[in-house]
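Let me begin by presenting the structure, written as structure tokens, before commenting on it.
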Amino acid sequence: MSRVTVRFAGGAFPPVEVPAGAELALVLDRAGAPVLFGCRTGLCGTCTSEVEGDLPPPSAEEREVLDIEAPDAPRARLVCQLRPHADLTIVRALR
């Protein structure tokens with residue numbers, strides 16, 4: 001099984017190895033990573049963060065929440081909705 005690395009900008013937390021395609025919220029929660037999660041379904045926006053990496057575009061539902069929570073942040077994503085297949089960096093929380 002391939003793995004991807006989730007990094008945190010500025011060394012705020014050690015990198016976390018994640019199985020490719022895994023539910024990122026679950027893995028980061030277990031690792032004690034500094035990302036807050038609320039509903040975990042992409043509705044509350046608690047985990048809105050600036051993310052860098054090769055990610056597919058957000059779904060229509062995620063885009064709706066991002067348009068409200070981070071309308072001027074083109075790299076904003078709901079971390080609870082990510083299932084990465086490539087390394088990524090969580091730059092900063094936007095909420």
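Keep in mind that this is a model prediction, so the values were computed, not measured. Throughout, residue positions are numbered sequentially from 1 according to the sequence presented.
Using a distance-only test at 3.5 Å, with no hydrogens or angles considered, no donor-acceptor pair links the side chain of Gln81 to the main chain of Pro58.
Environment of CZ in Arg3: crowded, with over 12 heavy atoms of neighbouring residues, nucleotides or ligands closer than 6.0 Å.
Smallest separation of non-hydrogen atoms from Val27 and Glu17: CG1-O, 4.3 Å. For the residue pair Ile90 and Ser49, the shortest heavy atom distance occurs at CG2-CB, 4.1 Å. Of all the heavy atoms in Ala25 and Cys80, the pair that sits closest is CB-CA, 3.9 Å. When all heavy atoms are compared, the tightest approach of Ala70 to Leu94 is CB-CD1, 4.0 Å. Nearest heavy-atom pair across Ala76 and Leu66 is O-CD1, 3.4 Å. Glu69 and Cys44 get closest at one heavy-atom pair: OE2-O, 3.9 Å.
Once rounded to the nearest 0.5 Å, the distance linking OG1 of Thr41 with CG of Leu78 reads 9.5 Å. With rounding to the nearest 0.5 Å, the separation of CZ in Arg75 from CG in Leu55 is 11.5 Å. Atoms CZ and CG, on Arg40 and Leu26 in that order, are 7.0 Å from each other to the nearest 0.5 Å.
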Candidate pair Asp67 and Arg63, rule side chain to side chain contact (heavy atoms under 4.5 Å, CB included), full reasoning
CA-CA 6 Å; Asp67 287 344; Arg63 174 56 42 212; 3.3 Å; yes

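Residues Val18 and Leu88 share a single hydrophobic cluster, defined by chaining ILVMFWY side chains whose heavy atoms lie under 4.5 Å apart. With hydrophobic clusters built from ILVMFWY side chains whose heavy atoms lie under 4.5 angstrom apart, Val51 shares a cluster with Val4. Both Val6 and Val35 are members of a single hydrophobic cluster when ILVMFWY side chains are connected at heavy-atom separations under 4.5 Å.
Screening residues 12-35 for ring pair (Phe, Tyr, Trp, His ring centres under 6.0 Å), with sequence neighbours left out, gives Phe8-Phe13.
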